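Notes follow the structure.
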Protein chains: 2
Amino acid sequence: MTEEKTAEYFASQQKEISVSQFFEKNKHLLGFDNPTKALLMVVKEAVDNSLDACEEAGIIPDIEVVVKNVGDDNYKVSVKDNGPGIVKTQIPKIFGKLLYGSKFHRLKQSRGQQGIGISAAVLFCQLMTGKPTKIWSKTGKNKKTHYFELLINSRDNEPEIIKQEDLDSPLIKEHGTKIEMLIIGRYRRKRGIDDYLKQTSISNPFAKIKYRGPDGKTIIFPRTVNKLPKAAKEIKPHPYGVEFGVLDRMLKETKAKSLVSFLTREFSSIGTKSAGDICKIAGIKKSVLPNSLKRNEIKKLLAAMQKVKVQRPPIDCISPIGESEFKKSLEKEYPEAEFVTTVTREPAVYRGTPFQIEVGIVYGVGEDKPVDVLRFANRVPLLYQAGAGAIVEAIKETDWKRYGLKQSLGNLPSGPVIIAVHMASSWVPFISESKEAIAPYPNIVKEIKLALQDAGRKLSSFLSGKRRAGQQKRRLQIFE
Amino acid sequence: MTEEKTAEYFASQQKEISVSQFFEKNKHLLGFDNPTKALLMVVKEAVDNSLDACEEAGIIPDIEVVVKNVGDDNYKVSVKDNGPGIVKTQIPKIFGKLLYGSKFHRLKQSRGQQGIGISAAVLFCQLMTGKPTKIWSKTGKNKKTHYFELLINSRDNEPEIIKQEDLDSPLIKEHGTKIEMLIIGRYRRKRGIDDYLKQTSISNPFAKIKYRGPDGKTIIFPRTVNKLPKAAKEIKPHPYGVEFGVLDRMLKETKAKSLVSFLTREFSSIGTKSAGDICKIAGIKKSVLPNSLKRNEIKKLLAAMQKVKVQRPPIDCISPIGESEFKKSLEKEYPEAEFVTTVTREPAVYRGTPFQIEVGIVYGVGEDKPVDVLRFANRVPLLYQAGAGAIVEAIKETDWKRYGLKQSLGNLPSGPVIIAVHMASSWVPFISESKEAIAPYPNIVKEIKLALQDAGRKLSSFLSGKRRAGQQKRRLQIFE
């Protein structure tokens, strides 16, 4: 065959692809695939980062968002926070390198998970406009403000510093970070920045957000509570959620000198007794060196870990909105509502990962149409893929006629109603990398349904009260 | 505030995440999120790789797939091909490093795009079972067989060689590669390996596939054509599909000494005349050094490139199945069919990327129910997310009553019918990284609809013929 190519030829063609190049070419995976969504994503990634930074540092967030049209479809976006600031050497990496961050390896609720979002926004802006992202950050009152202009060298997935200065600037008072980006986008109110910020304010009642949109008007979303929620704590993995490869690596990396101490030290919910039971069922001596285990022994150990009854994982890695806080938030954003109720379920577990579901129902808003659904994951509003995922599935599978709403089988119920659902977890299983919907794992759907039923019952008694009042009124009118 | 944490504390927590760790934790993004799908994915990635290798090397593929249950839910999967083989130094990287390959940077139709699939399968198997993947490869008759046992060091995204030997082995006759993996999975026929291989045989009529499943039975999918399709050629980017960031980089990296030669050398469809026109509209001298352009000039250049009329991109980067080959394939796999028709459209373009749509309709298979839809992208069957994407959208939006099938508005039509649709392109825009559905870009949906209408008309005349024959027969019976 004359056309036949050799293995040597192919070898010369193979090369490494950086993760920046990968996402540059696959930007739809991160949600940057159309101008409307891209503009929203840039704001969202910056605000999510600011909220995470403030909350982790124990600072009540004050956030300012400005979106300005600067000609044609060019928008300048800036987001400023009063967070802890970022030390100088870290700034280029945090904004100029994909897959870099502090949240990936730990088990604890946060908005960001992967270390992709904000650097992907930087990458996307540079791809569209060629402009670097500007960053100002200050870590304390008497410190300088570090100013950077950054691009990403996508071939190496490394930051490229275009400009750096240390300023004496009044821009940031005590501490905080401001980021400014130029992007090509399209602005709309619905399912855009306005909706995102409104919903963010609902799920973060302790945050104050000031927003000036492209129309030049300023909207303030005030805080309704004046303290931060109890901070989420980092937890160790739970024995029911571990996989062979992870267990294998943990055994190799542990500093524990015996299997029994490995089990109690590296996992949550395993005490000395359950550790002993696990060793016994696995048929392995308690005292063996963890990294001496053979493949077959690891298999037995893993199986034994699933068999022994242990407590569910600790739940202080989750930080729910809170029943009364959630209610206040909804009342603030929907002052016209006749009735608001909220439910925060007890924490539950899917695949060894703790999570907690909260539901709010708002009645008397808008018209008699399919209900509006607000979806939140770790306090972040989900605005796209509105028809997909665990939350919508659970709402559709709930029998709403029982609670006084119209519903045709398998569809969303109808009424002047908003249903808001929040899932808080140390690891939210999203359907896609763009984090638009929660994977419908059975345990998650079940918990959401139970929460909806609780809230539904409260709605139902409100509606019967309303009906009775109406009947009484009519009866009174008859006798008048 | 006592709880307040400093920027310095956060700096100590930040670290790099490797792409292997990323996908290890997000395995659902690649489709490895349930045992049934995982087993299929491992087979699919290996077979897709084998077909790509053979086709590129100009070798008619002979592929052997063996899936064997080896106790509990453990499956041993092996895939062997007669491809060109892989040179020794490349084997660890190809199988043991994510984002490594030859197909990412070029514009040309192939099954794989990203350099993720097969190494993700290796990673997933090791995560589930701890077992290394075994690879045998031989690049020529008188050469040794290179044998490797590989794991992936996920922290660094680098291969870890467990064992390596050069063998005199009769396993591979002339040249080729065999891969063997142990995975935890679940086997099913429907939407599993059997369906995948059957459909692969339809879209690759030049391939012979021998398959022994967990039940021990061997199925042979013979080839229906004895030569490879015309090889797809690599093309240069088209001016209508380029973005600022990409253009910027191309200007910096080019060896061309003038803007006009940059345009003609680095892009498809730009001749000297259109290059001159572009420079003129942009208001930039033809002779300037490409890497001397300022940001504003690049913007003007990009705008001018969109304005000048140029030819569509060359289409020899696409390799369709072919109308008669597609028909033969369908007839072979559905021998009970009463009628088979196929349509291959002329190539078209979305966002500067060439693509081509092919449609097959099979009548007289199965019962009167919603039609079965077979979806293919670059000859690869898409088995999951059956309800999503451009193909299903186009089928639902087509008026099938016109062509003699029942259909309720906006749904799939009904009948004893299979509708098969293939999109071939130098870059298929998938909805997600697991490559399960094609993004419904308007141009793509439109082309699919046109192809469906063509095929629908042929179906319609077959059905009227059938009806007339039936009426005639009844009439004859009356007169008998």
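Since the structure is predicted, the reported quantities are computational estimates derived from the model, not experimental observations. The sequence lines fix the lettering, A, B, ..., with proteins before strands; numbering per chain opens at 1.
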Q.
Just to verify, what does B/Arg155 make a side chain to side chain donor-acceptor pair (under 3.5 Å) with, not counting sequence neighbours?
A.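 Counting only residues at least two positions away or on another chain, B/Arg155 forms a side chain to side chain donor-acceptor pair (under 3.5 Å) with A/Glu253.
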Q) Are A/Asn34 and A/Lys37 side-chain neighbours, meaning at least one heavy-atom pair lies under 4.5 Å? A)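 With C-beta onward as the side chain, the pair touches.
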Q) Ignoring hydrogens and geometry, is there a side-chain-to-backbone donor-acceptor pair from B/Gln126 to B/Ile152 under 3.5 Å? A)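 Looks like yes, one N/O pair under 3.5 Å.
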Q) Which of the residues A/Leu151, A/Ile184, A/Ile94 is involved in the greatest number of heavy-atom pairs with chain B at under 4.5 angstrom? A)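 Highest number of pairs under 4.5 Å: A/Ile94.
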Please look at [X] and chain B and tell me whether the side chain, the backbone, both or neither of the residue comes under 4.5 angstrom of a heavy atom of that chain.
{"X": "A/Ile116", "result": "side chain"}
{"X": "A/Thr129", "result": "both"}
{"X": "A/Lys143", "result": "side chain"}

**Q.** Aromatic ring pairing A/Phe124/A/Phe32, orientation class (parallel under 30°, perpendicular over 60°, tilted between)
**A.**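 Taking A/Phe32 first and then A/Phe124, their aromatic rings lie parallel (interplane angle under 30°).
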Q. Which residue out of B/Gln90, B/Glu8, B/Lys93 racks up the most heavy-atom pairs below 4.5 Å with chain A?
A.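 Option with the greatest count: B/Gln90.
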Q.
Which one wins on heavy-atom pair count under 4.5 Å against chain A: B/Gly245, B/Gly85, B/Gly101, B/Ala439?
A.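 Option with the greatest count: B/Gly101.
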Q) If we ignore angles and hydrogens, is there a donor and acceptor under 3.5 Å between the side chains of A/Ser154 and A/Gln21? A)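 Looking only at side-chain atoms, A/Gln21 and A/Ser154 do not form any donor-acceptor pair under 3.5 Å.
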